[in-house]
Visitor: 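Have a look at this one before I ask anything.
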Amino acid sequence: MLNVVVMVSGGGTNLQAIIDNIESGQIRNARITAVISNNANAYALERAKKHGIPAVCISPKDFSSRQEFNEAFLEKVEEIGPDLIVLAGFLVVIPPEMIRRYPNQIINIHPSLIPSFCGTGYYGLKVHEAALARGVKVAGATVHFVDEGTDTGPIILQKAVEVRNGDTPEILQRRVMEEAEWQILPRAIELIAEGRVKVTGNIAEVS
Ligand code: GRF
């Protein structure tokens, strides 16, 4: 059984997709042991509570330095003891010591087809604004392992969606979430739980 911790900052629709896939039995060998958020008002915490999942709130704002936060954050995560950490719209930079402690055990959902529209400053609506400004004909989402770079770790799954005439950033974001993110993030967890993802260097191979 894969013990999963999901880290969130906002609405939690990706968290909900994971919960739904576990409760439907689509994901069989994983359970969410805790949800962690840096934002006490995140609706994602409500979603966790509705499904009886322990919710923890910890924020850099509660500490006098980022180093103090990083140490407390890692201590809290180690206390929970996950096999897999899932970043589902988590807007806090993961401390390097946490990445070193959990090599290829942290995954992130990014709302573009990496390496397009990713890296520092590309998050949330900004990604879709940039895609529309460039005039791309396909958008999509990527699930990747987290390494010490920004959106640079081994890619596990990607899914493309079409960009339509008249799309606004909000319309495109919703289509990418519905047709890509909410599909490939649960699927990646399912594959990892089944031991079907193997990483060699910066390449993740799915069997
Ligand atoms: C999604 O757009 C995701 O791609 C990005 O942050 C947003 C999270 O949304 N990483 P939600 O909190 O899962 O609804």
Side-chain angles (χ1 to χ4, degrees), residues 6-24 26-27 32 35 37-39 41-48 50-51 85-94 106-147 149-192 196-197 202-207:
V6 183
M7 298 185 177
V8 296
S9 295
T13 62
N14 278 283
L15 167 66
Q16 191 65 55
I18 300 166
I19 291 170
D20 294 347
N21 276 266
I22 289 174
E23 292 188 350
S24 71
Q26 179 63 41
I27 297 177
I32 303 173
V35 169
S37 181
N38 62 307
N39 171 9
N41 301 316
Y43 187 68
L45 293 174
E46 286 308 309
R47 296 180 191 270
K50 276 184 192 157
H51 291 269
I85 296 169
V86 178
L87 309 183
F90 192 57
L91 296 179
V92 172
V93 173
I94 300 300
I106 307 174
I107 64 174
N108 180 50
I109 177 80
H110 181 76
S112 78
L113 296 173
I114 288 175
S116 298
F117 312 114
C118 66
T120 305
Y122 284 104
Y123 58 89
L125 268 185
K126 293 173 188 285
V127 173
H128 306 292
E129 287 164 359
L132 291 172
R134 183 63 186 83
V136 296
K137 302 309 173 194
V138 288
T142 301
V143 181
H144 63 93
F145 284 109
V146 173
D147 64 10
T150 304
D151 302 329
T152 52
I155 290 171
I156 304 166
L157 292 175
Q158 294 188 296
K159 191 164 191 291
V161 305
E162 67 172 349
V163 178
R164 294 178 188 153
N165 294 336
D167 272 350
T168 63
E170 291 76 8
I171 291 170
L172 182 56
Q173 178 179 53
R174 186 74 191 178
R175 186 177 311 123
V176 169
M177 290 171 91
E178 285 177 351
E179 298 180 16
E181 297 178 37
W182 301 345
Q183 312 303 320
I184 62 175
L185 186 55
R187 178 68 177 146
I189 295 167
E190 183 185 352
L191 290 166
I192 292 167
R196 295 172 56 190
V197 179
N202 200 37
I203 303 296
E205 200 171 85
V206 172
S207 55

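Excluded from the calculations below are hydrogen atoms, water molecules and symmetry mates; all remaining heavy atoms, backbone and side chain alike, are included.
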Visitor: Search all heavy atoms of Ala139 against all heavy atoms of Leu172 and return the closest pair with its distance.
Guide: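 Smallest interatomic distance, heavy atoms only, reads CB-CD1, 4.0 Å.
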Visitor: Determine yes or no for a side-chain-to-main-chain donor-acceptor pair under 3.5 angstrom, with Thr142 supplying the side chain and Gln158 the backbone.
Guide: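 Flag not set: sc Thr142 to bb Gln158 has no pair under 3.5 Å.
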Visitor: In the structure I gave you, are the side-chain heavy atoms of His144 and Ile156 within less than 4.5 Å of one another anywhere?
Guide: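 With C-beta onward as the side chain, the pair stays apart.
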Visitor: Just so I know, are the side chains of Val86 and Met7 near enough to count as touching, which here means a heavy-atom distance under 4.5 Å?
Guide: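 Of all side-chain heavy-atom pairs linking Met7 with Val86, none is under 4.5 Å.
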Visitor: Could you go step by step and tell me if Asn39 and Ser9 meet the side chain to side chain donor-acceptor pair (under 3.5 Å) rule?
Guide: CA-CA 6 Å; Asn39 171 9; Ser9 295; over 6 Å; no
Visitor: Please report the shortest heavy-atom distance between Ser24 and Asn21, naming the atom on each side.
Guide: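 Nearest pair, atom of Ser24 first, then Asn21: OG-O, 3.2 Å.
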Visitor: Any sub-3.5 Å donor-acceptor pair from Asp151's side-chain atoms to Gly119's backbone N or O?
Guide: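 Side chain of Asp151 to backbone of Gly119: a pair is present.
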Visitor: Which residue pairs satisfy the side-chain hydrogen bond (donor to acceptor under 3.5 Å, both in side chains) criterion with at least one member in residues 112-123, sequence neighbours excluded?
Guide: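 As it turns out, the side-chain hydrogen bond (donor to acceptor under 3.5 Å, both in side chains) pairs with a partner in residues 112-123, which skip direct neighbours, are His110-Ser112.
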Visitor: Would you compute the distance between atom CG of Asn202 and atom OG1 of Thr152 and round it to the nearest 0.5 angstrom?
Guide: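 Here the rounded value is 7.0 Å.
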Visitor: Within the 4.5 Å heavy-atom criterion, are Phe145 and Ile106 side-chain neighbours or not?
Guide: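 They are not in side-chain contact.
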Visitor: Could you walk me through whether Val127 and Phe117 pass side-chain contact (heavy atoms from CB on, under 4.5 Å), step by step?
Guide: CA-CA 6 Å; Val127 173; Phe117 312 114; 4.1 Å; yes
Visitor: So how far is it from Leu15 CG to Ile32 CD1, rounded to the nearest 0.5 Å?
Guide: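 With rounding to 0.5 Å, CG (Leu15) is 5.5 Å from CD1 (Ile32).
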Visitor: Any heavy-atom pair between the side chains of Pro111 and His128 that's under 4.5 Å?
Guide: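 Yes, their side chains come closer than 4.5 Å.
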Visitor: Please report the shortest heavy-atom distance between Ala141 and Ile109, naming the atom on each side.
Guide: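 So the two residues come closest at CB-CD1, 4.1 Å.
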Visitor: How many angstroms lie between atom CG of Leu157 and atom CG of Leu191, to the nearest 0.5 angstrom?
Guide: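 Here the rounded value is 6.0 Å.
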Visitor: Flag the pair Val163 / Val138 as yes when at least one side-chain heavy-atom distance between them is below 4.5 Å, and no otherwise.
Guide: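 Sidechains of Val138 and Val163: no contact.
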Visitor: Check whether Arg47 reaches the backbone of Gln16 with its side chain - one donor and one acceptor, N or O, closer than 3.5 Å.
Guide: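 Pair absent, no side-chain N/O of Arg47 close to backbone of Gln16.
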Visitor: Evaluate the side-chain proximity of Pro169 to Leu132: yes if any heavy-atom separation is below 4.5 Å, no if none is.
Guide: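 Answer yes - side chains close enough.
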Visitor: Taking all non-hydrogen atoms of both residues, which atom of Ser37 and which atom of Leu45 are closest, and how far apart?
Guide: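 In this case the closest contact between Ser37 and Leu45 is CB-CD2, 3.7 Å.
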Visitor: Write down the atom of Ile171, the atom of Gly166, and the distance for their closest heavy-atom approach.
Guide: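 Minimum heavy-atom separation between Ile171 and Gly166: CD1-O, 4.4 Å.
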Visitor: Taking all heavy atoms of Val6 and all of Ala88, pick out the closest pair and write down the distance.
Guide: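 Nearest heavy atoms, Val6 then Ala88: CG1-CB, 3.9 Å.
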Visitor: Can you tell me which residue pairs pass the side-chain hydrogen bond (donor to acceptor under 3.5 Å, both in side chains) test with a partner in residues 175-189, sequence neighbours excluded?
Guide: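 Sorted pair list: Thr13-Trp182, Asn14-Glu181, Asp167-Arg175, Arg174-Glu178, Arg187-Glu190.
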Visitor: State which residues pass side chain to side chain contact (heavy atoms under 4.5 Å, CB included) with Glu205; sequence neighbours excluded, sorted by chain then number.
Guide: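 Checked Glu205 against side chain to side chain contact (heavy atoms under 4.5 Å, CB included); zero matches.
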Visitor: Please round to the nearest 0.5 Å and tell me the distance separating atom CD1 of Ile19 and atom CD1 of Ile27.
Guide: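 Rounded to the nearest 0.5 Å, the CD1-CD1 separation comes to 10.5 Å.
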Visitor: Can you check whether Ile189 reaches Ile18 side chain to side chain, under 4.5 Å on heavy atoms?
Guide: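 Yes. Closest side-chain heavy atoms under 4.5 Å.
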Visitor: Side chains of Ile107 and Leu185, heavy atoms from C-beta outward: is any pair under 4.5 Å?
Guide: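 With C-beta onward as the side chain, the pair touches.
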